[in-house]
Q: 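My questions will all concern the structure given below.
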Amino acid sequence: MSLNPPFTQESARAKVKKAQDLWNAQDPKKCSAAYTPDSIWRNRGIFLTGTAAIEDFLTKKWEKEKNYRLRKELFAFTDNKIAVQFWYEYQDAHDGLKWKRCYGLEDWTFADDGRMRKRQMSGNDVEISESSSFCTLRPS
């Protein structure tokens with residue numbers, strides 16, 4: 001099955017799970033390679049262009065977000081676009097290692113080669129207790 005556009009229900013779901021696995025590996029270089037060199041990003045109120053900026057952003061993100069764990073689910077898709085809903089948890093290294101969860105939506109547009117050329121993300125963080133974290137429930 002090809003993970004390049006045009007997407008089917010099956011390939012769109014597989015693309016979302018592949019992105020989830022890639023982000024959970026927390027390797028900024030590998031993650032940024034999944035985007036076109038001129039990829040355009042909006043991450044909340046931050047606007048980025050290009051894989052170097054994406055790699056830098058992800059490096060800083062995962063320096064702050066310890067014990068990061070992400071889940072993504074397919075929301076909708078068309079030929080070359082996918083929308084996902086997501087939630088992730090982390091301990092905030094800049095806020096006393098408090099547990100937080102982010103809920104949000106992403107809108108992705110892909111180039112013909114399957115790399116993402118546009119990503120728009122909206123999300124909201126909430127503090128949670130360690131006992132309600134799915135991060136603490138996963139096996140070591």
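These figures come from a predicted structure and were not determined experimentally. FYI, the numbering just counts along the sequence from 1.
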Q: Which heavy-atom pair separates K66 from L97 by the least distance, and what is that distance?
A: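 Residues K66 and L97, closest heavy atoms: CG-CD2, 4.3 Å.
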Q: Find the distance between CZ (R69) and CZ (R71) and round it off to the nearest 0.5 Å.
A: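 The CZ atom of R71 is 7.5 Å from CZ of R69, to the nearest 0.5 Å.
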Q: Find the distance between CZ (R13) and CD (E73) and round it off to the nearest 0.5 Å.
A: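 Interatomic distance, R13 CZ to E73 CD, rounded to 0.5 Å: 8.5 Å.
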Q: Measuring only between side-chain heavy atoms, which start at C-beta, is K61 closer than 4.5 Å to N43?
A: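 Result no, sub-4.5 Å side-chain heavy-atom pair not found.
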Q: Say you draw a straight line from CG of N124 to NZ of K100; how long is it, rounded to the nearest 0.5 Å?
A: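 It comes to 12.5 Å.
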Q: How many angstroms lie between NZ in K15 and CE in M116, if you round to the nearest 0.5 Å?
A: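 Here the interatomic distance stands at 7.5 Å.
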Q: Is there a donor-acceptor contact under 3.5 Å from the side chain of Q20 to the main chain of K72?
A: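 Looks like yes, one N/O pair under 3.5 Å.
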Q: Distance check, rounded to the nearest 0.5 Å: C31 atom SG versus L22 atom CG?
A: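 Output value for this atom pair is 3.5 Å.
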Q: Taking all heavy atoms of M1 and all of E10, pick out the closest pair and write down the distance.
A: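 Heavy-atom minimum between the residues: SD-CG, 3.5 Å.
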Q: Identify the two heavy atoms, one from K118 and one from S39, that lie closest to each other, and give their separation to 0.1 Å.
A: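 Heavy atoms of K118 and S39 come nearest at N-OG, 4.0 Å.
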Q: Just one of W62, W23, Y90, W99 clears the ring-ring contact (aromatic ring centres under 6.0 Å, His included) bar with Y68, so which one?
A: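 Looking at W62, W23, Y90, W99, the match for Y68 under the ring-ring contact (aromatic ring centres under 6.0 Å, His included) is W62.
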Q: Supply the atom-to-atom distance I82 CD1 to F7 CZ, rounded to the nearest 0.5 angstrom.
A: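 It is 4.0 Å, given to the nearest 0.5 Å.
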Q: Would you find a donor on one side and an acceptor on the other, under 3.5 Å apart, between the side chain of N24 and the backbone of L70?
A: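 Yes, because the side chain of N24 sits within donor-acceptor range (under 3.5 Å) of the backbone of L70.
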Q: Under a 4.5 Å side-chain heavy-atom rule over Ile, Leu, Val, Met, Phe, Trp and Tyr, are I128 and Y103 clustered together?
A: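 Yes, because I128 and Y103 connect within a single hydrophobic cluster, where side-chain heavy atoms sit under 4.5 Å apart.
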Q: Sequence neighbours excluded, which residues qualify as side-chain hydrogen bond (donor to acceptor under 3.5 Å, both in side chains) partners of S11?
A: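 side-chain hydrogen bond (donor to acceptor under 3.5 Å, both in side chains) list for S11, sorted by chain: T8.
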Q: Can K17 and D21 be counted as an ion pair, charged N to O under 4.0 angstrom?
A: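 Looking at K17 and D21, the cut-off is not met.
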Q: What's the shortest heavy-atom distance between D112 and N4, and which atoms?
A: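 Nearest heavy atoms, D112 then N4: O-CB, 3.6 Å.
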Q: Could you tell me whether a side-chain N or O of R42 sits under 3.5 Å from a main-chain N or O of M121, the two making a donor and an acceptor?
A: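 Flag set: sc R42 to bb M121 pair under 3.5 Å.
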Q: Of all the heavy-atom pairs spanning L58 and W41, show the shortest one and how long it is.
A: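 It is CD2-CH2, 4.1 Å.
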Q: Please tabulate, one pair per line, all N/O donor-acceptor pairs under 3.5 Å involving side-chain atoms of residues 44-54, not counting sequence neighbours.
A:
unit_1, atom_1, unit_2, atom_2, d
R44, NH1, D125, OD2, 3.2
R44, NH2, Y88, OH, 3.2
R44, NH2, D125, OD1, 3.3

Q: In terms of side-chain geometry, is the basic nitrogen of D92 or K64 positioned less than 4.0 Å from the acidic oxygen of its partner?
A: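 Salt bridge: yes.
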Q: Grab the two heavy atoms, one from Y35 and one from R119, that are nearest each other, plus how far apart they are.
A: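 In this case the closest contact between Y35 and R119 is OH-CD, 4.2 Å.
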